[in-house]
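Working notes, beginning with the structure itself.
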Protein chains: 2
Amino acid sequence: MTRILVVDDEPQIVRALSINLRARHYDVDTAADGASALRAATHHLPDLVVLDLGLPDMEGTDVIRGLRGWTGVPIIVLSGRAESRDKVDALDAGADDYVTKPFGVDELLARIRAVTRRAQPADEAPPAVVIGTHTVDLAAHTVTGGDSEVHLTPTEWQLLEHLLRHPDKLITQRALLQDVWGPQYLTETNYLRQYMARLRRKLEFDPAHPRHLLTEPGMGYRFRP
Amino acid sequence: MTRILVVDDEPQIVRALSINLRARHYDVDTAADGASALRAATHHLPDLVVLDLGLPDMEGTDVIRGLRGWTGVPIIVLSGRAESRDKVDALDAGADDYVTKPFGVDELLARIRAVTRRAQPADEAPPAVVIGTHTVDLAAHTVTGGDSEVHLTPTEWQLLEHLLRHPDKLITQRALLQDVWGPQYLTETNYLRQYMARLRRKLEFDPAHPRHLLTEPGMGYRFRP
DNA sequence: CGCGGGCGTTAAGAACGCGTCAAAAACCGG
DNA sequence: CCGGTTTTTGACGCGTTCTTAACGCCCGCG
């Protein structure tokens, strides 16, 4: 869930934005002035800040700098002022985007999507998973740790990836066969037995008693972190 | 040096932007239509793309998607159309920002700074990398050290560059072929075999047993520092 | 208690991908 | 137009990986 902090001193704008954002399944915090905005951000770091520049207590650029001092959270500025100078100041202070009022809600939402999309990869949680003594990094395609060096073949990676991307979830045999081998292999469960065994031999501490790559008899397999 | 690809079919706009950008010490490439824009980006990946939406040969959103298919390079859209719908479409296709014409140059420059600032952290650039007895300097495009003099061809540089920019990370064959040769060579893995062999012959201490330019059978290649 | 399905294991041949050599074709500067 | 460099293309041996088959075991069920 993406958490958005809306900062504006006009209650009706805050209200309208909150309703629209919540309807899109965003989590919304609000603040009516710069000081409480900084406090709210400190208290619970949002994933994005929508900031009106016309606040009663502080310069808008100071609010931006106050945030930028300690966080890289994306900031979208709302402002009634369309002068080039204001935009340049806000953007150079650290804002990610600048929208002039009056603005279309659809456009703001699209800009929110664009900015969060860009910011995501930076602070994304580590895509590394631990299995026994080994650590699997899906992004780099590496297996580290463990005493012996481990190398996985393409098919092994594909299979492992599907399991690791859905922790604790049961993946049916059909789903795995479909995704790794294709639609015409849906009944070749022997492939799964073969390759699950290989994965366990390479990753599990005791392949005969797997603790992470589990079998659900008659159904499929499951990865337990 | 930040390299910017300017795409617009109006020569005077291209010219004005080029002058302004070069004055700010940006490196500028230009393209007049969608097809040559995609080709230019493939040939030498820019750090940012400024894209006019009113191109003669392609839909603007298709150009965006054409880039997004294989790179996360920041894209700022220029457009004469101010309708909310156009903005939403472009942003959701993968654009990072949308500026309506006529626009102030100062504003565009500020938005360029904002977008590149956000994109920067992703690619930290270690200036020099050591492979065996040789030292490769990506910025200067030089190979020093080693007893024998080493000269790399353009294709060899491109290939090596992609590997060195992502240390320890597996780069798939498709990604390398896409970035070095272009989208229509995705299956020509023999090119990779050929040029990886040449790089190893020129850089590795023992080309038959590479220690830094590693093969991941069936998947791709990896640079280990 | 005997039976059968599903699972893990082992073992084999087949198919594929990689590194390599070699040579033709395209490119480039003089 | 020529000579050298660079890129593209084809072919082959070899090791790895994939595919396929067969066997034993556990467990639920009749």
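Letters go in sequence order (proteins before strands), and every chain restarts at 1.
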OP1 or OP2 of dT17(D) less than 4.0 angstrom from a side-chain nitrogen or oxygen of Tyr195(A), does that happen here? no
Looking only at heavy atoms, the pair that brings Ala110(A) and Leu91(B) closest together is CB-CD1, 3.8 Å
Taken to the nearest whole Å, CD/Glu188(B) to P/dT7(D) is 16 Å
For nucleotides 2-8 of chain C, print each protein N/O atom paired with a nucleotide N/O atom at under 3.5 Å, atom names and distance only.
from, atom 1, to, atom 2, distance (Å)
dC7(C), OP1, Gln173(A), NE2, 3.3
dC7(C), OP1, Gly218(A), N, 2.7
dC7(C), OP2, Gln173(A), NE2, 3.4
dG8(C), OP1, Arg200(A), NH2, 2.4
dG8(C), OP1, Thr215(A), OG1, 2.6
dG8(C), OP2, Tyr221(A), OH, 3.0
dG8(C), N7, Arg193(A), NE, 2.8
dG8(C), O6, Arg193(A), NH2, 3.3

Here the distance between atom P of dT6(D) and atom CZ of Arg201(B), to the nearest Å, is 13 Å
- Message: Tell me whether Gln12(B) at atom CD has more than 12 heavy atoms from other residues, nucleotides or ligands lying less than 6.0 Å away.
- Response: yes
Side chain to side chain donor-acceptor pair (under 3.5 Å) filter on Arg224(B), not counting sequence neighbours, yields none
Applying side-chain contact (heavy atoms from CB on, under 4.5 Å) to Arg198(A) and not counting sequence neighbours gives Thr153(A), Glu156(A), Gln194(A), Tyr195(A), Arg201(A)
Between CG of Leu152(A) and C1' of dT17(D) the distance, given in whole Å, is 13 Å
On a heavy-atom basis, the closest approach of Leu199(B) and Leu213(B) is CB-CD1, 4.0 Å
Across all chains, not counting sequence neighbours, the side chain to side chain donor-acceptor pair (under 3.5 Å) partners of His25(B) are none
Scanning both residues in full, the closest heavy-atom pair of Thr61(B) with Leu53(B) reads N-CD2, 4.5 Å
Surrounding CZ of Phe103(B) (heavy atoms of other residues, nucleotides or ligands, distance under 6.0 Å), is the total greater than 12? yes
To the nearest angstrom, the CG-P distance between Leu199(B) and dT20(C) comes to 12 Å
The complete set of salt bridge (Lys or Arg N to Asp or Glu O under 4.0 Å) pairs with one or both residues in residues 9-25 of chain B, sequence neighbours excluded, reads Glu10(B)-Lys101(B)
Using only side-chain N and O atoms of Trp181(B), determine if any of them is under 4.0 Å from OP1 or OP2 of dT7(D).
no
Taken to the nearest whole Å, CG/Asn190(B) to P/dA11(D) is 12 Å
Whole-Å distance, Leu177(A) CG to dT19(D) C1', equals 14 Å
Base, sugar-phosphate alone, or nothing: which one does His151(B) contact when heavy atoms must sit under 4.0 Å apart?
sugar-phosphate
* Sub-4.5 Å side-chain heavy-atom contact between Val180(B) and Thr155(B) -> yes
**Prompt:** So does Thr153(A) get a side-chain nitrogen or oxygen closer than 4.0 Å to the phosphate oxygens (OP1/OP2) of dC18(D)?
**Reply:** yes
Sorted by number, residues from residues 155-168 of chain A placing a heavy atom under 4.0 Å from DNA chain C are none
Ring pair (Phe, Tyr, Trp, His ring centres under 6.0 Å) filter on Tyr26(B), not counting sequence neighbours, yields none
Residue set satisfying side chain to side chain donor-acceptor pair (under 3.5 Å) with Thr215(A), at least two apart, ordered chain then number -> Arg200(A)
Readout for nucleotides 22-30 of chain C: B = base within 4.0 Å of protein heavy atom, S = sugar-phosphate only, - = neither; 5' to 3' it is B--------
For residues 132-179 of chain A, the ring-ring contact (aromatic ring centres under 6.0 Å, His included) pairs (sequence neighbours left out) are His141(A)-Trp157(A)
Ser36(B) meets the side chain to side chain donor-acceptor pair (under 3.5 Å) criterion, sequence neighbours left out, with Asp33(B)
The helix from dC1(C)-dG30(D) to dG30(C)-dC1(D): angle between terminal helix axes, five bp per end, to the nearest 10 degrees, reads 40°
